[in-house]
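In what follows, a structure is listed as structure tokens, so that the remarks can point back to it.
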2 protein chains.
Amino acid sequence: MKTAENKSRALGLRFTKTRRKVLEILWQSHSPLGAYDILDRLQEDSRRPAPMVVYRALDFLIEAGLAHRLSSRNAFIGCSAPEGDHEAQFLICNHCGSAAEVEARPIAKAVEETAASAGFHVHQRVVEITGVCPNCQS
Amino acid sequence: MKTAENKSRALGLRFTKTRRKVLEILWQSHSPLGAYDILDRLQEDSRRPAPMVVYRALDFLIEAGLAHRLSSRNAFIGCSAPEGDHEAQFLICNHCGSAAEVEARPIAKAVEETAASAGFHVHQRVVEITGVCPNCQS
DNA sequence: ATATGTTCTGTTATATCATAACATTTTAAT
DNA sequence: ATTAAAATGTTATGATATAACAGAACATAT
Ligand SMILES: [Zn+2]
Ligand SMILES: [Zn+2]
Ligand SMILES: [Zn+2]
Ligand SMILES: [Zn+2]
């Protein structure tokens, strides 16, 4: 949470109450949450905010590298290693819904090299692997 | 298109008019299309079908390996190498909207190894790289 | 302290993407 | 002809995401 404040300040932005609360909700969840799930949990504190409120907070958190979007699920997850920059990939379990954030250098490297050899200038990388996690294989 | 008929038959399914038309639309487009874009183009032939029609056709085409979904765009694209099985990745240009399907063995390999070392049993892989394509860099 | 520009919030409305459910038709095999 | 599976048609609804604009909170510069 200290990291969050620092990263916000580094961007010249503020780590406000809503943003903090959304990040807490993401970090407390064991699996990715949809924007409207987050809304539901915000509601417990106050009157249910409009969707914009959550989407704006999420935009900020993602921008600051404090959360990630899982495109294949239309869901969001708190970053598990927010210190410093990183290029994360996700292992998403179809059975229990959990999503493990990994930082696999070989994947990142292969992606860079593939893009480079195609003359493609990379902005963002989406690497989401779905399947069954170790816990759910018994 | 011959490939499409064969793959359909191999699944014990039919390559019907709507499915064929949707695949034609995808293959004719130079960039990924949203489901409702496809609907718009179907309309030119007949009365505008309900969204279900397109989603059902897309489900079929994806199942048969004739088209792919781009999760990060909520869009769909015709497969550029539908013969045989393959594990594709995408280079999606933020400038012109084009999406190049590549089959990069090193990425596929790194993904397999990462999953294996995490004890994760893979079902699907989503690898979508966004940025600027060679054509748009001048 | 106050004027100023920027960031952030509140709110209403709307756009976009996707599926549920059920009745009907087509097809292929017996 | 009968039957079961596959495919379609249709209506309605659910789920996800953004536009647009007014106002409040905050920083900082005079
Ligand atoms: Zn992260
Ligand atoms: Zn699991
Ligand atoms: Zn393909
Ligand atoms: Zn381009």
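Lettering of chains follows the sequences in order, A, B, ..., and the numbering in each one begins at 1. Owing to the predicted nature of the structure, the values given are computational and were not obtained by experimental measurement.
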- [ ] For nucleotides 17-30 of chain D, just jot down a letter per nucleotide in 5' to 3' order: B, S or -, based on protein non-hydrogen atoms under 4.0 Å.
- [x] BBBB-----S----
TODO: Identify whether the distance between the nearest side-chain nitrogen and carboxylate oxygen of Arg20(A) and Glu5(A) falls below 4.0 Å.
DONE: yes
TODO: Have a look at Arg47(A) and say if it touches a base, only the backbone sugar-phosphate, or nothing, with a 4.0 Å heavy-atom cut-off.
DONE: sugar-phosphate
Task: Phosphate contact (dT9(C) OP1 or OP2) by Thr16(A) side-chain N/O below 4.0 Å - done: yes
Using residues 34-42 of chain A as the side-chain source, report each donor-acceptor pair under 3.5 Å to any protein atom, sequence neighbours left out, with the distance given to one decimal.
residue: Asp37(A); atom: OD2; partner: Gly34(A); partner atom: N; Å: 3.0
residue: Asp40(A); atom: OD1; partner: Arg48(A); partner atom: NH2; Å: 2.3

Task: Axis bend over the full length of the helix from dA1(C)-dT30(D) to dT30(C)-dA1(D), computed from five pairs that close each end, to 10 degrees - done: 30°
TODO: Sequence neighbours left out, what passes side-chain contact (heavy atoms from CB on, under 4.5 Å) with Glu101(B)? Give chain and number order.
DONE: His68(B), Cys79(B), Ser80(B), His86(B), Ala88(B), Phe90(B)
TODO: For Glu83(A), check side-chain contact (heavy atoms from CB on, under 4.5 Å) against everything at least two apart and list the hits.
DONE: Thr3(A), Ala81(A)
Task: Nucleotide dA6(D), atom P - distance to CZ of Arg19(B) in whole Å - done: 10 Å
Task: Qualifying residues under side-chain contact (heavy atoms from CB on, under 4.5 Å), relative to Met52(A), sequence neighbours excluded - done: Arg56(A)
- [ ] Specify the separation, in whole Å, of atom CG of Leu33(B) and atom C1' of dT16(C).
- [x] 15 Å
For residues 104-116 of chain A, run the donor-acceptor check on the side chains, cut-off 3.5 Å, and write out each pair with its distance to 0.1 Å, sequence neighbours left out.
residue: Lys109(A); atom: NZ; partner: Glu113(A); partner atom: OE2; Å: 3.2
residue: Glu112(A); atom: OE2; partner: Arg125(A); partner atom: NE; Å: 3.1
residue: Glu112(A); atom: OE2; partner: Arg125(A); partner atom: NH2; Å: 3.3
residue: Thr114(A); atom: OG1; partner: Ala110(A); partner atom: O; Å: 2.8

- [ ] Let me know, please, whether Phe60(A) or Arg73(B) comes out on the 5' side of the other along DNA chain C by nearest nucleotide.
- [x] Phe60(A)
- [ ] Could you tell me which residues satisfy salt bridge (charged side-chain N to carboxylate O under 4.0 Å, His left out) with Arg69(A), sequence neighbours excluded, listed by chain and number?
- [x] none
Task: With sequence neighbours excluded, residues passing side-chain contact (heavy atoms from CB on, under 4.5 Å) with Gln137(A) - done: Val132(A), His121(B)
- [ ] Could you check how far CG of Leu13(A) sits from P of dG5(C), rounded to whole Å?
- [x] 20 Å
